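Bear in mind the structure is a predicted one, so any value in this text is a computation, not a measurement. The chains referred to below are lettered A, B, ... by the order of the sequence lines, with proteins before strands, and numbering in each begins at 1.
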Amino acid sequence: MVTIRLHNTKTRVKEVFTPIDAGNVRLYVCGPTVYDRAHIGNARPVVVFDTLFRLLRHVYGTDHVTYVRNFTDLDDKINATALARQKAGATGTLEALIAERTEETIRWYHEDMDALGALRPTQEPRATAYVGQMIAMIEVLIAKGHAYAKEGHVLFRVRSYADYGRLSGRAVDDMIAGARVEVAPFKEDPMDFVLWKPSDASLPGWDSPWGRGRPGWHIECSAMSLALLGASFDIHGGGIDLQFPHHENEVAQSCCAHPEGDFARVWMHNEMLQVEGKKMSKSLGNFFTVRDLLDQGYPGEVIRFVFLGTHYGKPMDWTAEKAAQAEATLRKWRGLVAGVPATAPADGVLAALADDLNTAGAIAELHALAAAGDAAGLKSSAALLGLLENGMGDWVDAGVDLAHFAARLAALREAAMATKDFAPVDAMKAALLSAGVEVRMSKAGVEVLPGPGFDATKLEGLL
RNA sequence: GGCGGGUUGGCGGAGAGGUUACGCAGCGGAUUGCAAAUCCGUGAAGACCGGUUCGAUUCCGGUACCCGCCUCCA
């Protein structure tokens, strides 16, 4: 059995990973709030934890890993989006507009993440389907003295949980000193956070012991992970920006409601993504959704390769330069593994991934396999990273048959060999090159294949 | 102010207390009608200042700069 080591945010060291139950390894990752298209930053944890999912499936067996990633379809941002649409003249009730928006966004999310080669998680629970469980958990917290109801709100009593701040390495008193916490009249302590809040008639709401209202954000993940994975599970993942307060609050809720469990044994956080060296933001004009990149012609596989080139624990920069390099490499490898059946991944690749998901190291191993001409090893090892898979390679040949161009060029060349007038050959070659076609001529013959920037429309009239 | 991440050759980016990372680009050569592709060879690094050590880019301390979180943003 391969020994997997993972950096645990909770303990701040790399640890040997030992599942609670090797027959059912359980992973939970915070999913998207479905109010808009996923941006490329949202895609990083998807690719990172998809790779972890693939590794775990390889090591423990495909049917022995449960991966849960939620959809937060219950959120004030969604409400605001729906409200804005209603004001803009959209017809239908607010509930209908919200449902429409979340369904549409989930569909987009699936399309975009599928394009990146991410496997669908085992389960993708929606928050709206677990409000009952959230209410139940809140009741337990109140009964145990960890939460209190006031003015239609229910708040978590942060001071009742001694370990609060441990995950994120913060001291409660320091946070108070920072004093940027919301002070509300119904809070016993400024640090207390909302588990339940009242909804007025214009907002979606559920009946609860505290009146009609809606849950706070943090309780969603606690309730869903409990329902689907139990009070103790193996790994909890997400972006480092969620470490505080979201994950800290999850720990507090889950551990106080179910002290018999450990909640998540291992916490993994991916670092943030930047674009051309800067934080992605709408005002800088470097804000991209995954769909934007796909529409610009970056294949999902190329995006995935760029992501995997940097260790998940380090900040990653998205640049056009990297994408171009990734495309060239994948194009080369695709040519190498065409028609080759997959076997078993190489030990070196597996070892790199098992070492805290060292995807950059794994890619170096792939280069070694390619250099050694081990096409089967390359293909099978790449599959562990979600690369070079059969369903994702359409972009390479662009669906165009270039055989007749090759034949034509070969004929011209043959004639030129006799006449020593290479002008017609060079003219056709230049035309092909300008259409992004790679032209290779040797004693063995003529080969043409789509290259970077291939544009089929420029081929018209060439024959 | 508090907490955390980063700083490696022209660019990207890993591991390891002492031995070539790797990829791209560059340079030289083979090959080619010219190229491309391929193959062979090759130069190039560890932000700064100290410390530990026979020896540190790798461990420890400090400085500088960049970034994130502390505002229900992955």
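Nearest nucleotide to the side chain of A:L242, out of B:A74, B:C73, B:G6: B:A74. The side chain of A:A364 approaches B:A21 more closely than any other nucleotide in the set B:A21, B:C73, B:G6. Nearest to the side-chain atoms of A:A360 among the listed nucleotides B:G6, B:G13, B:C22 stands B:G13. With B:A14, B:G2, B:A37 as the choices, the nucleotide that has an atom nearest any side-chain atom of A:R440 turns out to be B:A37. If you check B:G5, B:G12, B:A37 against the side chain of A:E438, the one that comes closest is B:A37. Each of B:A37, B:C24, B:A74 was ranked by its minimum atom distance to the side chain of A:Q325; first place goes to B:C24. The A:H367 side chain lies nearest to B:C22 when the options are B:A74, B:G6, B:C22. Checking B:G2, B:C24, B:G5 against the side-chain heavy atoms of A:K332 singles out B:C24 as nearest. Counting only heavy atoms from C-beta on, A:D241 has its side chain closest to B:C69 among B:G5, B:G15, B:C69.
B:A44 is unpaired under the Watson-Crick or G-U wobble criterion, no partner having all donor-acceptor distances under 3.5 Å. Under the Watson-Crick and G-U wobble criteria, each requiring two contacts below 3.5 Å, nucleotide B:G17 is left unpaired. Here B:A56 sits opposite no nucleotide as a Watson-Crick or G-U wobble pair (both hydrogen-bonding atom distances under 3.5 Å). When both pairing distances are held under 3.5 Å, B:U38 makes a Watson-Crick or G-U pair with B:A30. Pairing for B:G23 goes to B:C11, judged as Watson-Crick or G-U wobble with the two contacts each under 3.5 Å. When Watson-Crick and G-U wobble pairs are counted only if both distances are under 3.5 Å, B:C69 pairs with B:G2.
Atom CZ of A:R331 and atom P of B:U38 are 13 Å apart (whole Å). Regarding A:E248, its CD atom lies at a distance of 13 Å from the P atom of B:U71, rounded to whole Å. If you take CH2 of A:W318 and P of B:G12, they are 16 Å apart, rounded to a whole angstrom. Following rounding to the nearest Å, A:Y164 (OH) and B:G2 (P) show an atom-to-atom distance of 20 Å. As rounded to whole Å, 13 Å separates atom P of B:C73 from atom CZ of A:F287. What separates CD of A:Q274 from P of B:A74 is a distance of 17 Å, to the nearest Å. Atom CZ of A:R12 is separated from atom P of B:G4 by 7 Å (rounded to the nearest Å). In this entry the distance linking CG of A:L385 with C1' of B:G23 reads 15 Å, nearest Å.
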Shorter than 3.5 Å, N or O on both sides, protein versus nucleotides 7-9 of chain B: list them out with atom names.
from, atom 1, to, atom 2, distance (Å)
B:U7, OP1, A:K314, NZ, 3.1

Protein N or O to nucleotides 29-33 of chain B N or O, pairs below 3.5 Å:
from, atom 1, to, atom 2, distance (Å)
B:U32, OP1, A:K443, NZ, 2.8
B:G33, N1, A:D426, OD1, 2.9
B:G33, N2, A:D426, OD1, 3.3
B:G33, N2, A:D426, OD2, 2.7

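No contact: A:T319 has no heavy atom under 4.0 Å from any strand. A:L433 comes within contact range of no nucleotide atom at all, as no heavy-atom separation falls under 4.0 Å. Here A:H218 lies out of heavy-atom contact (under 4.0 Å) with every strand. Across all strands, A:G238 comes closer than 4.0 Å only to sugar-phosphate atoms, never to a base (heavy-atom distances).
Remark: the A:T319 side chain and the A:D317 side chain contain no N/O donor-acceptor pair separated by less than 3.5 Å. A donor and an acceptor atom, one from each side chain of A:Y130 and A:N70, are nowhere located under 3.5 Å apart.
A cation-pi arrangement is present between A:R170 and A:F244 under the rule of less than 6.0 angstrom and at most 45 degrees off the ring axis.
A:T51 contributes no side-chain N or O that, together with a main-chain N or O of A:L385, makes up a donor-acceptor pair within less than 3.5 Å. A:K187 contributes no side-chain N or O that, together with a main-chain N or O of A:L155, makes up a donor-acceptor pair within less than 3.5 Å.
Between the P atoms of B:U8 and B:A14, the separation comes to 11 Å (whole Å). B:G23 sits 25 Å from B:G6 when the P atoms are compared, rounded to a whole Å. Going from the P atom of B:G9 to that of B:A44 covers 14 Å, rounded to whole Å. As rounded to the nearest Å, B:G55 and B:C65 have C1' atoms that lie 30 Å from one another. The gap from the C1' atom of B:U57 to that of B:G46 amounts to 4 Å, rounded to the nearest Å. Comparing B:U20 with B:G13, their P atoms sit 24 Å apart, to the nearest whole Å. Atom C1' of B:G18 sits at a distance of 24 Å from the matching atom of B:U7, rounded to the whole Å. The C1' atoms of B:G12 and B:G26 are separated by 15 Å, rounded to the nearest whole Å.
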Contacts table for residues 364-375 of chain A: side-chain donor-acceptor under 3.5 angstrom, sequence neighbours left out:
from, atom 1, to, atom 2, distance (Å)
A:D374, OD1, A:G377, N, 2.8

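Using cut-offs of 30° and 60° for the angle between ring planes, the A:H153 and A:F186 rings count as parallel. The aromatic rings of A:W267 and A:H269 sit parallel to each other, their planes meeting at less than 30°, with 60° as the upper class boundary. A:Y312 and A:F49 have tilted rings, their planes meeting at an angle from 30° to 60° on a 0 to 90° scale.
Closest approach of A:I106 and A:R126 over heavy atoms only: CD1-CZ, 3.6 Å.
Taking the six-membered ring for Trp, A:F287 and A:H39 have ring centres closer than 6.0 Å. Here the two rings, on A:Y28 and A:Y67, have centers that are 6.0 Å apart or farther.
Other residues, nucleotides and ligands contribute more than 12 heavy atoms inside 6.0 Å of the CZ atom of A:R120.
A sub-4.0 Å separation between OP1 or OP2 of B:G23 and a side-chain N or O of A:T329 is absent.
A residue-by-residue look at A:A370 and A:N42 shows that A:A370 has its nearest nucleotide of RNA chain B further toward the 5' end. The residue among A:I363 and A:N270 whose nearest nucleotide of RNA chain B is located toward the 5' end is A:I363.
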